[in-house]
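Basis for what follows: all heavy atoms, side chains included, without hydrogens, waters or symmetry-related copies.
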Amino acid sequence: MRHMSGRQFIAPDRRWANARDLEVCFVALEGPGSHGTIYAGERKTTVKDRKKGIGKRLLAKMLRDLGIEKTDL
């Protein structure tokens, strides 16, 4: 799994969801501080500040929340 920022996480997540005909939406106002929420179908996860890096453990949790395999990104 590669290191990425919150912004870099959103684009591949949208592609993943669109390929599976899931509705995907990012809401910047939902989340504490500078965080946001991304919805993919019935699942959602909080996205860290889009300008800051996401650590490996947090990235793994975000992928689990959305049901995305690590190899899909």
Side-chain angles (χ1 to χ4, degrees):
M1 207 173 343
R2 63 188 174 97
H3 179 76
M4 62 176 61
S5 68
R7 184 177 311 276
Q8 291 169 321
F9 176 79
I10 295 169
D13 179 55
R14 285 181 193 230
R15 284 192 297 272
W16 176 87
N18 288 333
R20 287 155 182 79
D21 292 326
L22 297 174
E23 186 176 336
V24 62
C25 177
F26 177 75
V27 182
L29 299 176
E30 288 185 19
S34 58
H35 293 50
T37 302
I38 191 160
Y39 296 87
E42 298 291 319
R43 303 182 102 161
K44 69 177 184 174
T45 194
T46 300
V47 178
K48 188 177 176 179
D49 183 338
R50 288 170 281 163
K51 295 179 183 178
K52 295 183 180 175
I54 300 172
K56 289 181 183 180
R57 292 178 67 197
L58 178 57
L59 181 57
K61 182 205 176 298
M62 292 167 63
L63 292 173
R64 276 194 314 273
D65 289 348
L66 295 175
I68 301 173
E69 296 293 324
K70 295 174 188 175
T71 57
D72 289 341
L73 288 184

According to a hydrophobic-cluster definition based on side-chain heavy atoms being under 4.5 Å apart (Ile, Leu, Val, Met, Phe, Trp, Tyr only), do Val24 and Leu22 belong together?
yes
Could you list all the side-chain hydrogen bond (donor to acceptor under 3.5 Å, both in side chains) pairs where at least one residue sits in residues 19-29, not counting sequence neighbours?
none
Closest heavy-atom contact between Ile54 and Leu59?
CG2-N, 3.5 Å
If we only count heavy atoms from C-beta on, is the Lys70 to Leu63 side-chain gap below 4.5 Å?
yes
Is there a side-chain contact between Met62 and Leu66 (heavy atoms, below 4.5 Å)?
no
Using every non-hydrogen atom in the two residues, find where Arg43 and Asp65 come nearest and quote the distance to one decimal.
NE-O, 3.2 Å
Restricting to non-hydrogen atoms, name the atom on Trp16 and the atom on Ala40 that form the minimum distance, rounded to 0.1 Å.
CZ3-CB, 4.4 Å
I need the Cys25 SG to Ile38 CD1 distance, nearest 0.5 Å.
8.0 Å
CZ/Arg50 to OG/Ser5 distance, rounded to the nearest 0.5 angstrom?
10.0 Å
Measuring only between side-chain heavy atoms, which start at C-beta, is Thr45 closer than 4.5 Å to Thr37?
no
Any side-chain heavy-atom pair from Phe26 and Val47 closer than 4.5 angstrom?
yes
Specify the closest pair of heavy atoms between Gly53 and Lys48, including all atoms of both residues, with the distance to one decimal.
O-NZ, 3.1 Å
Mind listing the closest non-hydrogen atom pair of Phe9 and Met4 along with its distance?
CA-SD, 3.6 Å
